[in-house]
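Quick note: numbers below take in every heavy atom, side chains included, and nothing from hydrogens, waters or symmetry partners. Just so you know, residue 1 is the first one in the sequence shown, and it goes up from there. Every number for a ligand or one of its atoms is a count from 1 in the order of the listing.
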Amino acid sequence: MRQLYIDGQWVDADSDEGIDVVSPIDGEVIDTIPAANDRDVGKAVVAAREAERELREMTAFERAAVLDEVTDYFEEHEDEIAELITREEGKPLHESYEETEYVISSSDDYAHDGIRLFGDVVPSEHRGRFAYTQREPYGPCAVISPWNFPLEVPGGSIYSAIATANPVVFKPAEETPLTAYHIAKAFDQSSLPDGAFNLVTGAGDTGASLVADEDIRLIAFTGSTAVGQEIAKVAAERNAQCLLEMGGKDPILVLDDADVDHAAESIVVGSNWNAGQVCCGTERVIATEGVHDALAEAVVEKTRELVVGDPLEEGTDVGPMVSERIQRKAVDHVEAAVGEGATLLTGGETDGLYYTPAVLDDVTESMEVAREETFGPVTPIIRARDYDEAIEIANRSRYGLQAAIFTDSLARAHDAANRLKAGGVFVNETNNYWERLLPFGGYGESGSGGRYGSKWHLESMTQVKAVMMNYRDY
Ligand code: NAD
């Protein structure tokens, strides 16, 4: 049984209840983690609270130096971490390396943008007064993360929290907690004060204890919309700040004047990267009449070329899905859609947790596969009469993470960038897209409370204080 990391020490959990970590590759139990209870969580939060002052007294340069030390650890252990991500999550090894590379390269942004998180000198409306603003931390921060990016998703929030002096209690997903031990080891070997980073493992009830702790002032949650909304309710009772990044049902619109081959290529990547288990995965394709048939054919052809298999093998494009629960939803969505008149053009077969990428045509908006997050390697194609109807269909969703449009018309591209209700819009590029200096986050029920990514993330984890000095009238 693994341990918890609290107040700079590796400690046994209060109870000996454990959770097995099962590799989706072959069903092997690869480790067991403690299920931290209220008492463990309470200790971790006390440690974070007690570290708050020391962390704030460090200069931003000193905190940036800690993040550099942590990144050095990730660089030194990159091969080990990438392989572990694949073993516990199931994504192909080359995708795990994309994840480690992203964290290593973006750490500089968090560390060094943190130093540059200046306030403003504000012209006072009165004589003899000097006014300015400064950005300050909220206080102890719960970082709660999902299983699909065990390093990258918590990494951004943890880097941002430490850069801006919010001490952290980190609760990773129960499906993929082992990568989190590398994060804890990296901080353990750094010069961060004890208690400023803590790791508690467990399932949803451990996360719920953390959210309920009244000393937690900031919650950086990434996960499903249902859980995020539950957390927001609990946090609202004591007005704790929430940064929520949640689910999506993201569309790619393809217009008659699009480059069909390029659009199809981008759709297939968008729907099937990490076996479709990405918050901004391509979950709906909306094709206008004139392009529909050619696009469907090209998407099917490219989908059939994907190699499904062992994610540790070179050449694999799609590994297993993470668990039966997650696979079940994708299977149910496809079966229900076919039952309601959709046409399965390819794929949709299961072999254990492996699922052959599916392409569905004749999908209508009333089908679950067109409304609710599927989170699997499934491409539903919806037909639209024209451009305006394509935009209307795209926007008729409670989600709004990222959208994309394929067109040759500059005017349409600009118009769509304005009209699509999403936190990010990409033109002639997959919607399953992110890069270091762009903000990442959702509209509607996909997110709230700020944005992930470089300076946006840092700003979301700080509050603004106004300071005024009267240097004359006393
Ligand atoms: P999930 O909501 O089931 O779990 C996420 C985390 O919350 C886990 O650590 C879990 O243990 C914890 N948790 C569960 N119940 C809790 C509770 N009541 N209180 C506190 N914590 C609780 O999500 P998941 O299945 O791990 O991940 C998949 C979801 O994450 C998808 O919906 C996906 O779209 C979303 N996601 C969003 C983003 C984004 O940036 N928007 C990124 C990755 C994943």
Side-chain angles (χ1 to χ4, degrees), residues 19 21 24 33 35-36 38 41 88-89 91 99 102 142-157 169-177 179-180 199-213 216 219-235 240 242-250 273-283 321-330 372-376 398-402 422-424 431-434 438-453 456-457 460:
I19 299 174
V21 183
I33 52 149
D38 279 1
V41 168
E88 63 175 353
E89 202 267 353
K91 63 174 59 128
E99 183 167 349
Y102 185 85
V143 174
I144 301 178
S145 62
W147 45 265
N148 62 341
F149 289 89
L151 186 67
E152 184 176 327
V153 164
S157 287
V169 180
F170 172 34
K171 207 300 278 174
E174 54 274 36
E175 293 89 346
T176 58
T179 304
L199 171 69
V200 290
T201 54
D205 51 347
T206 305
S209 301
L210 187 54
V211 167
D213 193 302
I216 290 291
I219 300 161
F221 168 81
T222 316
S224 62
T225 294
V227 171
Q229 289 175 340
E230 221 173 286
I231 287 175
K233 277 190 212 145
V234 176
C242 286
L243 173 56
L244 305 176
E245 292 298 350
M246 307 186 286
K249 192 71 202 167
D250 290 350
W273 203 90
N274 195 19
Q277 303 164 118
V278 184
C279 51
C280 57
T282 307
E283 293 248 344
M321 299 188 70
V322 74
S323 67
E324 272 176 41
R325 177 178 68 92
I326 298 297
Q327 189 192 48
R328 188 73 253 157
K329 186 144 64 97
E372 290 306 322
E373 189 178 51
T374 303
F375 227 55
R398 65 188 179 104
Y399 299 106
L401 197 48
Q402 302 207 123
N431 69 303
N432 196 343
Y433 183 89
W434 55 96
L438 276 177
F440 185 92
Y443 281 15
E445 295 184 40
S446 288
S448 58
R451 289 288 179 264
Y452 281 10
W456 319 92
H457 215 140
S460 305

Distance under 6.0 Å and angle within 45° of ring axis: Lys91 vs Phe149
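Yes, Lys91 and Phe149 form such a contact.
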Ligand 1: protein N/O within less than 3.5 Å of ligand N/O:
residue	atom	partner	partner atom	Å
ligand 1	2 (O)	Ser224	N	2.8
ligand 1	2 (O)	Ser224	OG	2.6
ligand 1	9 (O)	Ser145	O	2.8
ligand 1	9 (O)	Lys171	NZ	3.0
ligand 1	11 (O)	Lys171	NZ	2.7
ligand 1	11 (O)	Glu174	OE1	2.7
ligand 1	18 (N)	Glu230	OE2	3.3
ligand 1	19 (N)	Ala208	N	3.4
ligand 1	23 (O)	Ser224	N	3.4
ligand 1	25 (O)	Trp147	NE1	3.0
ligand 1	26 (O)	Trp147	NE1	3.3
ligand 1	30 (O)	Gly223	O	3.4
ligand 1	32 (O)	Glu373	OE1	2.6
ligand 1	34 (O)	Glu373	OE2	2.6
ligand 1	41 (N)	Met246	N	3.2
ligand 1	41 (N)	Met246	O	2.8

Over 60° means perpendicular and under 30° means parallel, so tell me whether His457 and Tyr452 are parallel, tilted or perpendicular.
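Plane angle under 30°, so parallel.
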I'd like to know if the side chain of Ser209 reaches the main chain of Val41, judged simply by a donor and an acceptor atom lying under 3.5 Å from each other, with no hydrogens or angles considered.
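Checked: no pair found.
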Sequence neighbours left out, what passes side chain to side chain donor-acceptor pair (under 3.5 Å) with [X]? Give chain and number order.
X      : value
Glu372 : Arg398, Tyr399
Thr176 : none
Asn432 : none

